[in-house]
J.: 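Please see the structure below; I have some questions.
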Amino acid sequence: MNEFREVTPGGKPFKKAYVALMLWFVGRAIQAAAKVDGDVKKEFEKLPEGFTFCLGVMPHGPYMIVGKDRKERVKYMGWRREGRSIDLDMKIKNIEAAILMFTFQEGTAVATARDRMVVDGEVPYACAIVRVLDIGEVYLLPKIIARLAVKRYPVWSFGRKYIGRVRIYFRSIVGY
Amino acid sequence: MFFPDNYEFFCPTKINSGKRALEQIPFELDALNARKPLIITDKETAKKGLVKKITGAFRDSGIAVGIFDGVPPVPDLELIRGLANNYRDAGCDSTIAVGGGAVVDAAKALNIVVSGRPEDLKAFAGEDLIENSLRPLVFVPTPLGTGFETSRFATLEELTFSSPFLMPDLVVIDPRMMTAERPAELISTAMIALAHCAEAYTCPAKNPMTDTYAYAGMRFIGENLANVIRSDDKDGRLALANAAAMAGIAFSNTPRGIIHEVGWALGDASGLPPGICMGILLPYGLGYRMNSEGYHLSDMLLPLAGAEIYVGTEENLRARKAISVIREMQHDVRDAAGGDIPLTLKDAGIAKDALAGVAGTAAGDGAAGFSVDDCLVILEHAWEGKSITSS
């Protein structure tokens with residue numbers, strides 16, 4: 001029976017770090033987009049007071065928490081989910097699936113269709129957040145990449161797309 | 001479409017197929033309440049680095065795994081007892097079988113032992129003697145298999161186990177596991193799958209659920225087998241692995257057919273791979289059933305040849321046409337493999353006087369619903385290569 005052995009597989013620190021960075025930036029970009037973009041603002045207005053959602057990777061993260069504070073402002077709330085009440089929990093099943101999504105080889109809608117994610121929460125809320133993520137990706141990414149990531153690339157005015165992009169990047173970087 | 005008055009269909013198997021499918025295993029094990037799997041495979045599979053791909057899928061999961069990569073071509077009870085000790089000592093709670101054939105037989109037998117008492121293994125041999133569900137079993141196919149892996153059957157030494165609880169809980173088909181193999185081995189697996197699909201799709205006991213699996217299986221094999229041999233097409237290999245998984249499920253929900261039984265007995269008697277035997281027998285076995293009451297051979301033309309040929313063929317000629325499409329496919333596959341695949345039993349080196357013994361073994365006590373004479377007619381035609389529909 002010398003063919004038997006036990007193995008403890010290691011981690012994937014670089015992939016986790018990349019996904020953590022992307023989630024951090026996307027979280028701040030959603031906060032910015034809720035101030036800059038009318039459609040994102042409206043999506044959040046429809047969500048209940050104090051609504052909080054988490055997007056992360058199973059089994060041990062990283063995570064991104066975004067929610068509405070007491071003044072109804074959309075805020076990126078960091079990556080720690082402990083002690084928070086999460087209304088919508090969107091988990092990518094593993095780090096490789098997250099890499100496919102965050103390297104834009106698979107859009108959010110495609111990843112969902114391929115069962116890469118588990119959603120715990122109300123479906124209408126999940127649909128609203130997927131729409132917000134899609135809008136965020138259109139702002140953050142050049143068209144050639146964003147059209148791979150979103151379900152349908154929108155037709156926007158020059159002002160909305162490019163001025164909005166500059167404002168969202170600026171706000172995301174400074175965290176305002 | 002045929003719709004029976006009543007039917008039963010049982011399939012506990014979840015299929016997870018495609019890009020990065022291996023990485024889903026930790027999540028799926030968690031859903032099955034399993035925390036520590038034992039990976040079992042053979043030396044050949046381990047040598048190709050395929051076990052590393054599985055353990056790689058557990059990185060970042062926090063799950064430790066046991067690995068046994070020494071399953072011999074013919075596993076025995078002693079191996080299973082040793083494996084069961086490893087399983088328990090390491091605190092394992094689930095099994096991942098990587099490869100096919102003997103590996104999966106060993107995994108299924110191990111699963112019986114670790115879910116009950118080791119001394120009980122022989123008591124479970126037979127039909128439906130396993131009364132409760134077993135520990136989680138995951139099957140990761142490679143191109144080398146027998147086509148029985150997803151089925152309700154397992155064999156160990158002289159013991160045959162048959163129970164729906166032996167069907168794997170999860171089949172994970174990942175393109176990274178689809179390494180190139182020798183054409184004869186690939187063809188053998190595909191032909192078993194095709195024979196199982198064809199018999200499930202045409203037999204009187206078919207139902208809409210077995211039809212669904214068998215239809216898709218036949219289409220995948222017809223569309224991909226020759227291409228895979230010619231061009232080592234990875235997507236085609238993935239489709240063939242899916243077809244084999246589907247065939248096993250369809251096969252588990254219909255009675256074993258004459259092609260399966262004769263092919264298996266012929267393989268045992270001659271030492272040829274059972275898949276090659278079933279491939280040779282397939283057009284003759286189907287031809288023999290063409291005019292039998294309750295068989296649905298004409299339906300088979302649609303998955304094998306597509307809608308255009310199906311609608312362009314008169315209804316009373318569709319069965320004959322379906323058989324000729326299988327023959328054409330087999331010739332195409334043989335040419336793609338460099339002419340190395342026998343299409344008659346004579347070419348395969350089977351002695352004609354051995355056929356009667358094979359027919360006797362296949363027919364058994366007649367409980368399967370066919371006689372020694374039925375088997376012998378098919379074998380004799382397959383030996384000569386003489387179309388059975390013209391006799």
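The figures here come from the full heavy-atom set of this structure, side chains too, leaving out hydrogens, waters and symmetry mates. In what follows, chains are A, B, ... by sequence order, proteins preceding strands, each numbered from 1.
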J.: D174(B) side chain to L22(B) main-chain N or O, any donor-acceptor pair under 3.5 Å?
T.: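 The answer is yes, because a donor-acceptor pair under 3.5 Å joins these two groups.
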J.: Heavy-atom count around R176(B) CZ within 6.0 Å, excluding the residue itself: above 12?
T.: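 Yes, CZ of R176(B) has more than 12 neighbouring heavy atoms, counting only those of other groups under 6.0 Å.
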J.: Could you tell me if the ring centre of W156(A) sits under 6.0 Å from that of Y139(A)?
T.: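 So the answer is yes for these two rings.
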J.: Taking every non-hydrogen pair under 4.5 Å, which of M58(A), R114(A), K16(A), H60(A) racks up the most with chain B?
T.: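 Of the options given, most contacts go to K16(A).
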J.: For I63(B), is it the side chain, the backbone, both, or neither that has a heavy atom closer than 4.5 Å to a heavy atom of chain A?
T.: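 Backbone of I63(B) only, per the 4.5 Å heavy-atom cut-off to chain A.
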J.: Could you have a look at A90(B), C92(B), A46(B) and say which one has the most heavy-atom pairs with chain A under 4.5 angstrom?
T.: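 The answer is A90(B).
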J.: When the ring centroid of F220(B) is compared with that of Y215(B), is the distance short of 6.0 Å?
T.: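 Not close enough - the centres of the two rings lie 6.0 Å or further apart.
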J.: Sub-4.5 Å heavy-atom contacts with chain B: which residues of residues 62-98 of chain A show up?
T.: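 Those residues of residues 62-98 of chain A which have a heavy atom under 4.5 Å from chain B are K93(A), N94(A), I95(A), E96(A).
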J.: Check each atom of K36(B) against the heavy atoms of chain A and say whether the ones under 4.5 Å are side chain, backbone, both or neither.
T.: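 It is the side chain, since no backbone atom gets that close.
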J.: Using non-hydrogen atoms and a 4.5 Å limit, figure out which bit of V118(A) sits close to chain B: side chain, backbone, both or neither.
T.: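 Contact with chain B involves the side chain of V118(A) alone.
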J.: The criterion is side-chain contact (heavy atoms from CB on, under 4.5 Å); which residues satisfy it with P9(A), sequence neighbours excluded?
T.: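 So P9(A) forms a side-chain contact (heavy atoms from CB on, under 4.5 Å) with V7(A), F58(B), R59(B).
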J.: Distance-only, no hydrogens or angles: does the N253(B) side chain make a donor-acceptor pair with backbone N or O of F10(B) under 3.5 Å?
T.: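 A pair under 3.5 Å: yes.
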J.: Determine, step by step, whether N242(B) and S17(B) satisfy the side-chain hydrogen bond (donor to acceptor under 3.5 Å, both in side chains) criterion, reporting the C-alpha distance in whole Å, the side-chain angles of both residues, the deciding distance to 0.1 Å, and the verdict.
T.: CA-CA 8 Å; N242(B) 270 274; S17(B) 168; 3.0 Å; yes
J.: Ring centroids only, cut at 6.0 angstrom: are Y125(A) and F51(A) within range, meaning strictly under it?
T.: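 Between Y125(A) and F51(A), the centre distance is under 6.0 Å.
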